[in-house]
Amino acid sequence: MKATATSKTAQYMALFRALETTRPKEKRLFTDNYAHLFLSGSLKIWAWLCRLSPVRTLAERIIRKKIPGAYTSGIARTRYIDDLLNDAVQHGVEQVMILGAGFDTRGFRLSSLGNVPVIEIDHPNTARFKLTKLRNKKIPSRIRFYQIDFNKQSLDQLSAMHHFDFSRPTAVIWEGVTNYLSPEAIDNTFAFIRRFKSGSCIIFTYIDKKVLETPAAYTGGEKLLQDVSALEEKWTFGFRPEELKDYLLSFDLELLEDMGAAAYRQRYMPDRSEEGYEFYRVAYARKK
C-alpha cells in the first residue's frame, strides 16, 4: 500500500458489496447499505447507476472481463464469512475482533451481533478514510477502532496500550489481509490470537501459494498479480492448503473448515458461478 493512500482493493470489495445490494432483495446474498460510502470517483457513480438492472448487468460483465472470478468470489465469501460469524456468536462468542478491517461493515449490518463488542484494527490510512466517511452516521459505542501497520507494529503492544480482554471467547475476522504480509507477520498474528480464551475462533482468508509460484495455472492469474503490484498492493504470502491444518495446530487452533472460491460460489450462487479466483480460500479454526 502507498504510504499516503487508502487500499484500492478495499474499495473494489466495497464496490462489489454495493453492487450486490442493488440486486432485488429476494435474490441478493446480503444487504450492505454502507458500502457505497467508501467509494470515490467513477466507482461511486457506477454504484449509483447500478440500481438500474441493465447498468448493473453491464458493470458485472466489465468486472468479470477485467478481473475474472473476483466479483463472484468476493460476494460469496462475504456471505460465507457472515454465516460463519453468526454461527460463532450462536455458540457463545462474546466479542468480535476484525484485523485489517478495511471497509468491513459487519459491526453495523449484522443483527446477530446485537450488543456484542466489535474491535476493528486496520492500517492508519484506510482506518482514517473509513471514519471520515462514517462521520455522519451514528457509530454504536460497542464498536471501537484502532490503527496499526501489521508489517511494522505489534498487536501485543497495541493490546497492552488499550487493555484488550483476552478472557472473553472471541471471534477474529481476518479477511483479505494475509496475502499482503510477511511470514513473520503471519506467525506473530497467530501467536497473538493464541492468547484468547479456549472456544475463541478465527475466520480468515488466504491464497493458495501455488498462484504465487505458477500464476498461469489459474484463469487471469498472471494479469491479476501484475495489477495488484501496479497498485503497490503486491501479494507476498500464501499457504499450501494441505499444510494449513498442521500449521494452525502449532498455535493451538483446530481447523474446522477450509474452502476455496469454487466451492463457496457453488454453495451460495450456483446460478452465477464463473471461472477465476479458485486460489482464494476461507478457513475457519477454533482455539483448542
Side-chain angles (χ1 to χ4, degrees), residues 1-17 19 38-43 46 59-78 80-81 99-104 122-123 125-126 149-152 174-187 189-190 203-244 247 258-266 273-283:
M1 180 186 298
K2 296 179 181 179
T4 58
T6 60
S7 167
K8 289 292 186 182
T9 51
Q11 279 220 9
Y12 293 150
M13 272 302 300
L15 174 65
F16 297 166
R17 298 199 309 273
L19 293 184
F38 311 119
L39 304 179
S40 58
S42 61
L43 296 185
W46 272 107
E60 291 177 357
R61 185 181 302 124
I62 292 172
I63 293 169
R64 289 190 179 101
K65 184 176 181 180
K66 183 176 178 63
I67 326 172
Y71 173 69
T72 51
S73 171
I75 294 305
R77 89 169 190 244
T78 296
Y80 181 29
I81 293 174
L99 303 178
F103 301 140
D104 189 302
D122 202 6
H123 190 282
N125 296 339
T126 302
D149 184 329
F150 287 99
N151 274 324
K152 297 179 180 179
W174 203 18
E175 181 182 7
V177 181
T178 62
N179 38 302
Y180 298 104
L181 301 184
S182 66
E184 182 181 14
I186 298 289
D187 291 345
T189 302
F190 278 109
I203 304 163
F204 68 100
T205 63
Y206 73 95
I207 59 172
D208 189 327
K209 192 174 183 178
K210 182 180 177 182
V211 75
L212 299 177
E213 298 169 338
T214 55
Y218 297 94
T219 300
E222 288 180 303
K223 183 178 183 300
L224 177 61
L225 292 188
Q226 293 170 2
D227 288 347
V228 294
S229 293
L231 291 173
E232 297 187 32
E233 298 184 31
K234 184 178 180 180
W235 289 1
T236 56
F237 182 87
F239 283 110
R240 299 188 191 282
E242 65 273 15
E243 297 175 354
L244 184 61
Y247 175 84
D258 180 14
M259 191 180 296
Y264 51 76
R265 279 193 298 231
Q266 181 62 31
S273 194
E274 61 176 325
E275 288 188 0
Y277 251 69
E278 286 82 4
F279 51 81
Y280 216 99
R281 306 183 67 86
V282 175

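All values derive from a computational prediction rather than experimental measurement.
Side-chain atoms of V177 and T189, non-hydrogen and from C-beta on, never get closer than 4.5 Å to each other. Taking 4.5 Å as the limit, every side-chain heavy atom of M13 sits out of range of all side-chain heavy atoms of T9. The side-chain heavy atoms of D208 and Y218, taken from C-beta on, include a pair separated by under 4.5 Å. Inter-residue side-chain proximity for I75 and Y80 is flagged as unmet; no heavy-atom pair is nearer than 4.5 Å. Contact check for Y12 versus L231: side-chain heavy atoms found under the 4.5 Å cut-off.
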Report the C-alpha distance between L39 and W46 in whole Å, list the side-chain angles of each, state the deciding distance to 0.1 Å, and finish with yes or no for side-chain contact (heavy atoms from CB on, under 4.5 Å). CA-CA 10 Å; L39 304 179; W46 272 107; over 6 Å; no
Dump the intermediate steps for side-chain contact (heavy atoms from CB on, under 4.5 Å) on L244 and Y206, then the final yes or no. CA-CA 10 Å; L244 184 61; Y206 73 95; 3.6 Å; yes
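Across all their heavy atoms, P215 and L225 have their closest contact at CB-CD1, 3.6 Å. Smallest separation of non-hydrogen atoms from R77 and G176: NH2-CA, 4.3 Å. The two residues V211 and F279 have their closest heavy-atom pair at CG2-CD2, 3.7 Å. G220 and P68 make their closest contact through CA-CG, 4.4 Å (heavy atoms, listed as atom of the first residue, atom of the second, distance). Taking each heavy atom of G238 and L212 in turn, the nearest pair found is N-CD1, 3.8 Å.
Between F237 and Y180, the distance separating the two ring centers is not shorter than 6.0 angstrom.
Taking the six-membered ring where the residue is Trp, W174 and F204 present tilted rings, their angle falling between 30° and 60°. In this structure, Y277 and Y280 have parallel ring planes: the angle between them is below the 30° cut-off, well short of the 60° mark.
Donor-acceptor pairing under 3.5 Å is recorded for the side chains of E60 and Y71. Counted by atom type alone, E175 and T205 present zero donor-acceptor pairs between their side chains at under 3.5 Å.
A donor-acceptor pair under 3.5 Å links the side-chain atoms of R265 to the main chain of E274, judged by distance alone. Not a single donor-acceptor pair under 3.5 Å links the side chain of N179 to the backbone N or O of W235. Put simply, the side chain of R17 gets close to the backbone of F103: a donor and an acceptor are under 3.5 Å apart. E278 places a side-chain N or O within donor-acceptor distance of the main-chain N or O of G276, the cut-off being under 3.5 Å. The main-chain N or O of A185 is found under 3.5 Å from a side-chain atom of S182 such that the two form a donor-acceptor pair. Using modelled atom types, no side-chain atom of T126 and backbone atom of G102 make a donor-acceptor pair closer than 3.5 Å.
With values rounded to the nearest 0.5 angstrom, T214 atom OG1 is found 9.5 Å from E222 atom CD. Between the CD atom of Q266 and the OG atom of S273 there is a distance of 6.0 Å, given to the nearest 0.5 Å. Rounding to the nearest 0.5 Å gives a distance of 9.5 Å between CE of M259 and OH of Y264. Between the OG atom of S73 and the CD1 atom of I67 there is a distance of 11.0 Å, given to the nearest 0.5 Å. Atom NZ of residue K209 and atom CD of residue E242 lie 10.5 Å apart, to the nearest 0.5 angstrom. Remark: T236 OG1 to I186 CD1 distance equals 7.5 Å, nearest 0.5 Å.
Taking the charged nitrogens against the carboxylate oxygens, R240 and E213 do have a contact shorter than 4.0 Å, which makes a salt bridge. The pair R281-D258 meets the salt-bridge criterion, with a side-chain N (NZ, NE, NH1 or NH2) lying under 4.0 Å from an Asp/Glu carboxylate O.
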